[in-house]
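Below is one structure, written out as structure tokens, with a few remarks after it.
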2 protein chains.
Amino acid sequence: MTGLRERQKEDRQTSIARAAKIMFLEHGFEKATIEGIAQAAGVSGVTVHNYYGTKSGILLALVAENDRSLIASLNKELSLCPQEVTEVTVRFAKTILEHVLMNLQKVIWRQVIATVTANADNSISKPYFDLDQELAQVLVLQISRMQDAGNLPKSIVPENLGAALFHLQNARFIQFVCSDELQIEDVLRRIRNDLEALFSVQAAVSA
Amino acid sequence: MTGLRERQKEDRQTSIARAAKIMFLEHGFEKATIEGIAQAAGVSGVTVHNYYGTKSGILLALVAENDRSLIASLNKELSLCPQEVTEVTVRFAKTILEHVLMNLQKVIWRQVIATVTANADNSISKPYFDLDQELAQVLVLQISRMQDAGNLPKSIVPENLGAALFHLQNARFIQFVCSDELQIEDVLRRIRNDLEALFSVQAAVSA
DNA sequence: ATGAAATATTTAGTTGCATAAAATTTTGTA
DNA sequence: TACAAAATTTTATGCAACTAAATATTTCAT
């Protein structure tokens, strides 16, 4: 049953996605039209709707494709990472930020976040939230590793610290894509500052 | 020059805003139409456009109104707060979450965040980002106070810790409005967990 | 090759945001 | 009261997302 038809279906799907990406990058999400994408992909506008449902659907499909490679990059990058929380987190953030900019512009990512937020209760957003879960899990594993290596107290619940670090990173990520000026290094510096400040609070008890 | 006309202008403005709020709450942002809002407010659709520019513009105006009272609530709530970082942060988050739900539903807040994010480079979003700045500043002041009271090490830069705590809170806030199930208490518990985990990292160095 | 099933396109239409320009009403003043 | 200025409504229009139904095409199995 894996005949010619399915292959053509895939072909059409990818050519629509490719056309959409070009249109989004060239004209921005708002100004890009489904009809234009359809024309560039050599199909009709209705066909685009049949495949992706809505304009936002096309965008999220692009992101989903992008995501598959991210987890791999992350694990590779972190496998030979210094056993220190701040460095792990910064490396984690750096990988995500670079990966993100490699595929789409900030202004497009703003649309992604907007779409996912506005449709948080819709199944269209589920893959995005699932990815967040996976990303947090990457940090959790790193934390466990550091605990095993004796670089972090065993009293810490890895899930909790992983979630906290991920959310902090995510907040800085959103801030990054929302500002045209902010550079990756700026964000990393801020994350360092965040962590340094947070990790110093402990001393309060003994002061 | 503060004549009848200006008063009527204000009247119209508020009646549009009031009608919009009702429509948004009743039918949701997407399904509410400008024409419907206009009718409920007793003006024409074009007049609504004249006053607020876009549909999103109406929404953000509602939020801006809401914001004015938030800072006041916060300072009041925190003025007699225990001098402990976690409690201050939790109280901070609690005040914001309650204030937010008092005015609009989660599903509407999702639209707010989506609009602000999608239009981050547009001046329409500026008031929202300005508010974030102000909110972070509230935390910064609290931190300074705790430092002065000897409950936090002087080595901490208040701006850094304030920003970190605010971003963490903000990430949890977004998670809150994005999930219909999450309750305020759930969020506060998570924030506590976040902070407990983060504040325990310090011990790593001495381990 | 032919017919049945799946798929895509055409055609046509609805909706709603947004804008522009002309006509009308309202307001404040002389 | 009448006039001039300001604001609103009317009227008209464009645009693009989205949907529905009929038509045409492609594919696969017989």
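Note that this is a predicted model, so its numbers are computed, not measured. Computed over heavy atoms, backbone and side chain alike; hydrogens, waters and symmetry mates excluded.
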Among dT10(C), dC18(D), dC17(C), the one nearest S44(A) by side-chain distance: dT10(C)
Out of dA7(D), dC17(C), dA16(D), whichever nucleotide has its closest atom nearest the side chain of T33(A): dA16(D)
Non-hydrogen side-chain atoms of I184(A) and L188(A) separated by less than 4.5 Å: yes
Proximal nucleotide (of dC17(C), dT7(C), dT10(C)) relative to the R12(A) side chain: dT7(C)
Carboxylate-amine/guanidinium contact R189(B) D186(B), below 4.0 Å: yes
Between P of dC17(C) and NZ of K31(B), the distance in whole Å: 14 Å
Spacing of H27(A) atom NE2 relative to dC15(D) atom P, expressed in whole Å: 16 Å
Between dT8(D) (C1') and E35(B) (CD): distance, integer Å: 14 Å
Sugar-phosphate, base or nothing in reach of A32(B), heavy atoms under 4.0 Å: sugar-phosphate
Of the listed nucleotides dT10(C), dC18(D), dC17(C), the one nearest the side chain of V46(A): dT10(C)
Min side-chain heavy-atom separation R190(B)-H167(A) under 4.5 Å: no
d(CG, D11(A); P, dT27(D)) in whole Å: 11 Å
Side-chain N,O (Y51(A)) to OP1/OP2 (dT7(C)) below 4.0 Å: no
Lys/Arg N to Asp/Glu carboxylate O, D194(B) vs R172(B), below 4.0 Å: yes
Separation of dC17(C) P from N119(B) CG (nearest whole Å): 16 Å
Whole-Å distance separating the CG atom of N50(A) from the P atom of dC18(D): 13 Å
Atom pair NE2 (H99(A)) and NZ (K94(A)), whose distance is rounded to the nearest 0.5 Å: 14.0 Å
Rounded distance in Å - CD (Q13(A)) to P (dT7(C)): 12 Å
Separation of dT15(C) C1' from E30(B) CD (nearest whole Å): 14 Å
